[in-house]
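Here the structure is laid out as structure tokens; the discussion comes afterwards.
What you see below is based on every heavy atom in this structure, not just the backbone, and it leaves out hydrogens, waters and symmetry mates.
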Amino acid sequence: MANLALAGRPRPFTAMSRAERERCLLSWADSAVPLRRKAFQAVKRASLFFAYGSSSDGHNPLWEGIGYERPELLPLPDEPTGSPQRRIRDGETVEADACVAGSGAGGSVVAAELARAGRRVVVLEQGRAWTETEFDGREATSLARLMWDRGLGATEDLAVVIFAGGAVGGGTVVGWSTSLRLPAAVREEWTALGIDGLDGEIDALYEEVERRLDVGLDESPINAQNSVLARGCDELGLRWQAIPRNTEGCGDCGHCGLGCRRGAKLSTPRTFLRDAVASGAELIADCSAERVLVEDGRAIGVSAVARGTGRVTVRAPLVIVAGGSLGTPALLLRSGIGGPEVGRELHVHPVPGIAGLYDRPIRIWSGVPQSVMCDAFAEIDGGYGFRLEVPSVLPGVLAAALPWRSADEHRRLMEGLDHTAAIIPIVRDREGGSVTVDRRGAPVVRYALRGGTARLVQRAIVETARVNLAAGATEVRALFTRPVTIRAGGDMRAFEQEVLSRGTGANRLGVFTAHQMSTARMGGDARRSVADPDGAVRGVRGVWVADASAFPTASGVNPTMTIMALAMRNARRMLARA
């Protein structure tokens, strides 16, 4: 029945030949009906991700012939991370001065500041606490443990793949250690929107954060893939720079996005969350904040559910919402606070997929994930544009991202894995999406490439292809469902016209994002923001926002440093106002 509805073939797959099955799937992939394209992406991504990303005893038979062998696990640190956790009973009420919902870049910084000031702090985190001993480099298993929606998260229509942290430490555990400050053009824009302190105060805060995280350039070596970006920029006369990173003792493990087994990545469980606990804060992991409790217009605590235990209430006059730009608006919406702007204007830094094939090994999974950035296109439309970086990609994610036109063709693409490089354009988007909640209260993400953002994405594909070719790529593929390809010496204008003609419709182009922002915006205009310029949620006393959801617009760069600096700022201001 499904095949009849989706492909006009009233037979089950088991009764079809392989050629018939492939024609059936392609009829979904190329359909003018969005639902059929969505069905194809659901089947394609899950099948290929688990086929190439799963492993038993460190091996997967599909890895033979694609050049991938899982690197040896690095030794454990002398002091593995251990976040002491409070054990609770069903129905228990915990008394505190402040409850922080979220343990990522924002929540941990606020918890550390408040605990150091003598406040009794309880941190709630819906994810589990994992330690280096459990970071085993297995792709499918690790993403399921550490990422939102088990690493398979996406917008409601599946058009944009979403990578977001889902464990204690949030995105700081799975991030690639890229540590950048807010660009000048974005600072000016946010200042005009009512955020003060961006011309001086924030730099002092950046310095504090960077000292705690050991941010610097001493551990930013340029591996093969980063050298592709640097070489291509040099050939085209484009400026590039080395990227500062928050690591100490980094080694080539190839698993940076799966948790740092060596303990070199200075995530919040190794820094600010540890500081908070050392100052008396308590962590309750595996515990989802359901609602902010409010009486007479003032917060009195948080109602939560601990997995496997039951309900818990944290009674506190101060509630800091820091569950990320998906979790924060969902919590505010479930609580009925924050006003009509909650969940609106979601910004995501959309990244279109582009792959370059080289005649030399690249080993896309090996070495420092990001150590080179090009910002030559960062402000081609006012303060909007895109920056070029590179990712660290393992077989499962890459297999799911590459176009599928047949089993044989996809296999050939995977056989070139060790000679493939990916340069990713980080697009600063103008037009936003939204986060709402379903009947269960879970976040529902809607986002479409449109307007100026769609045009920037198309320009980014073309410029990224140019950089790849200048670096020596023999072939470049833009990862549309029907890929657009250019070979060395090919007609770039024809490639550009084809990219423009394809458009950016849902599930016609591979797009992902690792940065989500702006769903509980700070700002000076009460009609256009959820929180005031200090991060205090409007319409209710005692509730503050301290994560990327508070950004007025997209940051344009990897947001971690700015999340932390603003969280430190907001924490000190809430203490001053208290």
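Salt-bridge check for Arg482 with Glu498: failed, with every basic side-chain N at 4.0 Å or more from each acidic carboxylate O. Note on Glu208 versus Arg212: no salt bridge recorded, every NZ/NE/NH1/NH2 to OD/OE distance being 4.0 Å or above. Using a cut-off of 4.0 Å between Lys/Arg side-chain N and Asp/Glu carboxylate O, Asp381 and Arg459 are scored as not salt-bridged. By the 4.0 Å N-to-carboxylate-O rule, Glu409 lies close enough to Arg477 to be salt-bridged with it. With respect to Glu463 and Arg466, a salt bridge is recorded, a charged nitrogen being found less than 4.0 Å from a carboxylate O. Asp375 and Arg239 are joined by a salt bridge, as a carboxylate oxygen and a charged side-chain nitrogen come within less than 4.0 angstrom of each other.
Of all non-hydrogen atoms in Leu146 and Leu258, the two that sit nearest each other are CD1-O, 3.3 Å. Between Asp157 and Asn507, the shortest heavy-atom distance links the atoms O-ND2, 2.8 Å. Of all heavy-atom pairs between Gly356 and Asn468, the closest is CA-OD1, 3.9 Å. Scanning both residues, Val390 and Gln370, for their nearest heavy atoms gives O-CG, 2.7 Å. Minimum heavy-atom separation, Gly503 to Phe480: O-CE2, 3.4 Å. The heavy-atom pair separating Thr328 from Ser549 by the smallest distance is CG2-OG, 3.4 Å.
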Open item on the list: For a side chain to side chain contact (heavy atoms under 4.5 Å, CB included) check, start with the C-alpha distance between Trp63 and Leu417, then their side-chain angles and the critical distance, and finish with the verdict.
Closed with: CA-CA 10 Å; Trp63 294 347; Leu417 179 67; over 6 Å; no

Task: Residue pair Cys256, Lys265: steps toward the side chain to side chain contact (heavy atoms under 4.5 Å, CB included) verdict - done: CA-CA 8 Å; Cys256 198; Lys265 184 192 303 181; 3.7 Å; yes

TODO: Mind running side chain to side chain contact (heavy atoms under 4.5 Å, CB included) on Glu201 and Arg569 for me, showing each step along the way?
DONE: CA-CA 9 Å; Glu201 177 187 1; Arg569 163 192 182 271; 3.8 Å; yes

TODO: Give the C-alpha distance, both sets of side-chain angles, the deciding distance and a yes or no for side chain to side chain contact (heavy atoms under 4.5 Å, CB included) between Thr268 and Arg274.
DONE: CA-CA 7 Å; Thr268 57; Arg274 176 178 285 181; over 6 Å; no

Open item on the list: Using salt bridge (Lys or Arg N to Asp or Glu O under 4.0 Å), reason through Asp136 and Arg70 one step at a time and then give a plain yes or no.
Closed with: CA-CA 10 Å; Asp136 57 13; Arg70 200 179 77 179; 5.5 Å; no

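Counting only heavy atoms from C-beta outward, the side chains of Val457 and Leu509 approach each other to under 4.5 Å. Inter-residue side-chain proximity for Val397 and Phe512 is flagged as unmet; no heavy-atom pair is nearer than 4.5 Å. Within the 4.5 Å cutoff, side-chain heavy atoms of Arg181 are placed close to those of Arg187. Side-chain contact between Leu566 and Met522: present, with at least one pair of heavy atoms (C-beta onward) separated by less than 4.5 Å. Side-chain contact between Trp130 and Val173: absent, with no pair of heavy atoms (C-beta onward) separated by less than 4.5 Å. You'll find the side chain of Arg245 reaches within 4.5 Å of the side chain of Cys250, heavy atoms only. Within the 4.5 Å cutoff, no side-chain heavy atoms of Val174 are placed close to those of Phe163. Between Val351 and Ile426, some side-chain heavy-atom pair lies under the 4.5 Å cut-off.
The OG1 atom of Thr172 sits 9.5 Å away from the CD1 atom of Ile563 when rounded to the nearest 0.5 Å. With rounding to the nearest 0.5 Å, the separation of CZ in Arg508 from CZ in Arg37 is 4.0 Å. The distance from atom CZ of Phe49 to atom CD of Glu139, rounded to the nearest 0.5 Å, is 5.0 Å. With values rounded to the nearest 0.5 angstrom, Thr562 atom OG1 is found 2.5 Å from Tyr206 atom OH. Between Thr504 atom OG1 and Leu456 atom CG the span is 11.0 Å, to the nearest 0.5 Å. Between atom CE of residue Met414 and atom OG1 of residue Thr420 there is a gap of 8.5 Å, rounded to the nearest 0.5 Å.
Formation of a donor-acceptor pair under 3.5 Å by the Arg572 side chain with backbone atoms of Ala567 is not found in this model. Between the side chain of Asp418 and the backbone N or O of Pro361 there is no donor-acceptor pair closer than 3.5 Å. Arg521 places a side-chain N or O within 3.5 Å of a backbone atom of Arg344 that can act as its donor or acceptor partner. Ser108 places a side-chain N or O within donor-acceptor distance of the main-chain N or O of Ser103, the cut-off being under 3.5 Å. Although no hydrogens or angles enter the test, the distance criterion places a donor-acceptor pair under 3.5 Å between the side chain of Asp547 and the main chain of Gly323. A distance-only check finds no donor-acceptor pair linking the side chain of Ser325 to the backbone of Thr519 [under 3.5 Å]. Of the possible polar contacts, one joining the Gln225 side chain to the Pro391 backbone as a donor-acceptor pair under 3.5 Å is found. Judged purely by atom type and a 3.5 angstrom limit, Thr453 uses its side chain to pair as donor or acceptor with the backbone of Glu431. Here the side chain of Asn246 pairs no donor or acceptor atom with the backbone of Leu213 at under 3.5 angstrom. One N or O on the side chain of Arg45 and one on the backbone of Leu158 form a donor-acceptor pair closer than 3.5 Å.
Heavy-atom neighbours of Arg487 CZ from other residues, nucleotides or ligands within 6.0 Å: at or below the threshold of 12. Atom CZ of Arg411 has more than 12 heavy atoms from other residues, nucleotides or ligands within 6.0 Å.
Of the candidates Leu388, Leu229, Val467, Asp234, Trp240 forms a side chain to side chain contact (heavy atoms under 4.5 Å, CB included) with just one, namely Asp234. Test Leu180, Thr178, Val209, Ile202 against Met561 for side chain to side chain contact (heavy atoms under 4.5 Å, CB included) and you get one pass: Val209.
In the model, Asn558 has no side-chain atom that pairs as donor or acceptor with a side-chain atom of Thr560 under 3.5 Å. For the residue pair Ser518 / Glu345, no side-chain donor-acceptor distance below 3.5 Å is found, with atom types taken as modelled. A donor-acceptor contact closer than 3.5 angstrom links the side chains of Thr81 and Arg270. A donor and an acceptor atom, one from each side chain of Thr553 and Arg428, are located under 3.5 Å apart.
Ring orientation note: the planes of Phe377 and Phe386 are close to parallel, at an angle under 30° on the 30°/60° scale. Ring-plane geometry between His410 and Tyr52 is classed as tilted, the angle between the planes lying from 30 to 60 degrees on a 0 to 90 degree scale.
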